[in-house]
Q: 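Here you go, one structure.
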Number of protein chains: 2
Amino acid sequence: MGDTTATRRGRLSRDRVLRAAVDLADRDGFDSLTMRRLGEELGVEAMSLYNHIANKSDLLDGMIDIVFGEIELPAKDPGWRTAMRRRAISARAALSRHPWAVGRMESRTTPGPATLAHHDKVLGILRAAGFSVALAAHAYSVLDSYIYGFALQAPSLPFDTGRDTGRDSVAVTQAIMARFTSGQYPHLTEMAVEHVLQPGYDYANEFEFGLDLILDGLEKASTGLSRSPRNRQHRSG
Amino acid sequence: MGDTTATRRGRLSRDRVLRAAVDLADRDGFDSLTMRRLGEELGVEAMSLYNHIANKSDLLDGMIDIVFGEIELPAKDPGWRTAMRRRAISARAALSRHPWAVGRMESRTTPGPATLAHHDKVLGILRAAGFSVALAAHAYSVLDSYIYGFALQAPSLPFDTGRDTGRDSVAVTQAIMARFTSGQYPHLTEMAVEHVLQPGYDYANEFEFGLDLILDGLEKASTGLSRSPRNRQHRSG
DNA sequence: GTCCTACGCTTACACTGTAAGTAAGTCAAG
DNA sequence: CTTGACTTACTTACAGTGTAAGCGTAGGAC
């Protein structure tokens, strides 16, 4: 009969623990991720988790590496610009699926294998396209800063009309609007009324404007050095 | 004699509490900021703090508003571009002084007065310079995303040569270098050896490259609509 | 069979945020 | 001055946190 000695319902593994942690953080918010809740989720006591992860910090590192693993790594075939664009959009989508991830990156100083592989691939594409080492560093810095910064802001904006985030963003918006009507913040009010609170508005659309702006700038910077960016260093074939 | 009934050494106030919290987070890291440690810092028991702040979340909101208050709000006199540039550099400096702040913004949904005033002023400068409402929103989004994203990445990069952060960044760098030497990440290795680990390198310098790239793009976008960006909507004088 | 190892469970501890109640100070009105 | 209201700090207490230490047992190797 009931063989539910909890050895059943499937064995634990580091991967299963990490994935359950990601799901839990996505569903109930990052603060709900406690060792006991996570154990409960897996039908196991909290301390059993420590057979597969070193401590909670290690758990977090693994979770973030999972998120990085979800970012698409396009081939360099259609050119660096397309590759960077696809990667950026995929990264934004992944970070929007796991909003807790971006804010925790600050404290992580030990990137996981997926993270490192990701960075290496991107740099490879840029270098192969003729970017100098310095320019590749610039490009990487500006692109990633933009991606992470956008992902960081997106969920915190009271402007979010709340299609995805749902919840209480309407209440929050109204609370802030109450301060607006005092006339203290005329430009914020204008922005809200004339633009952001319009029916079809979705903040996510802002992303591609800035992305293309940055890609334009990089393109100009890369062609500014040598006329054709593609055969600079890597053409000795 | 000793009249140190702890009423002495100065009365508490919300502002004193907030400022001590910021200092403590700066000095010992955000995780060291507990109510008891903060009370200790002020010569007071933990529970006394609750006479001036509602709870720890309120404390955090206040702390972040302090950081925002440190960002310089330049006048619009020398033109929007100079104003935006100064603001961005000042914001980056403030966030680098308080590295914990940027990662906590995601969870905050109730911006403080300094934060709102800041946003309103910036939007005002852009609108007065002739930016349409939509373009001002774009500009704000891309600039702030970049600023926050940069601040988010800066302390986590193992590339940091550790002038400011000091501590164990050298050890971390070496640990990662050990993986590099395995040849798994050739482009990361190249980047590190040829560029980032060079003597004079400072990641903070990357900031202005991306900033000017974005400002160039915005300038082009704003002049692309009407020849002269300044008299578009606000000239009904 | 017997032993080993892996893995989950139990108990325990130091530490967290904070609710509730108490005491000591400040200050205005009588 | 005394009196009483108010403010503010202190004390105690509690549920919930991460995790160290040790125990029990299931399943494979011999």
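The chains referred to below are lettered A, B, ... by the order of the sequence lines, with proteins before strands, and numbering in each begins at 1.
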Q: To the nearest 0.5 Å, what is the distance between CZ on B:Arg127 and CG on B:Asp120?
A: 12.0 Å
Q: Keeping the roles fixed (side chain from B:Asp28, backbone from B:Leu33), state whether a donor-acceptor pair exists under 3.5 Å.
A: no
Q: What's the CG-P distance between B:Asp31 and D:dT19, to the nearest Å?
A: 12 Å
Q: Which nucleotide, C:dT18, D:dA9, D:dG18, lies nearest any side-chain atom of B:Ala46?
A: C:dT18
Q: To the nearest Å, give me how far apart CG (A:Leu49) and C1' (D:dA20) are.
A: 15 Å
Q: Can you pull every protein N or O that's under 3.5 Å from an N or O on nucleotides 5-8 of chain D?
A:
none

Q: Check whether NZ of the Lys or CZ of the Arg A:Arg104 lies under 6.0 Å from the centre of the six-membered ring of A:Phe30 and within 45 degrees of that ring's axis.
A: yes
Q: Tell me: OH of A:Tyr50 to C1' of C:dA6, nearest whole Å?
A: 19 Å
Q: Nearest whole angstrom, please: distance from the C1' of D:dG22 to the CE of A:Met47.
A: 11 Å
Q: Give the rounded distance in Å between these two atoms: CE of A:Met35 and P of C:dT10.
A: 16 Å
Q: When you measure from the side chain of B:Asp65 to the backbone N and O of B:Thr115, does any donor-acceptor pair fall under 3.5 Å?
A: yes
Q: Between atom CG in A:Leu38 and atom P in C:dG8, what is the gap in whole Å?
A: 12 Å
Q: Whether the side chain of B:Arg36 and the base of C:dG17 hold a donor-acceptor pair under 3.5 Å is what I'd like checked.
A: yes
Q: Rounded off to whole Å, could you give me the CZ-to-P distance for the A:Arg37 and D:dG18 pair?
A: 12 Å
Q: Spell out, as yes or no, whether a donor-acceptor pair under 3.5 Å connects the side chain of B:Gln198 to the backbone of B:Val193.
A: yes
Q: What distance separates A:Ser141 OG from B:Leu213 CG, expressed to the nearest 0.5 Å?
A: 11.0 Å
Q: Mind listing the residues from residues 53-67 of chain B sitting with a heavy atom below 4.0 Å of DNA chain C? Number order is fine.
A: B:Asn55, B:Lys56
Q: Over 60° means perpendicular and under 30° means parallel, so classify the ring planes of B:His138 and A:His195, tilted if in between.
A: perpendicular
Q: Is the B:His119 ring parallel, tilted or perpendicular to the B:Tyr140 ring (thresholds 30°, 60°)?
A: perpendicular
Q: Angle between ring planes, A:Tyr148 versus A:Phe68, binned at 30° and 60°: parallel, tilted or perpendicular?
A: perpendicular
Q: B:Glu45 CD to D:dT11 P: how many Å, rounded?
A: 5 Å
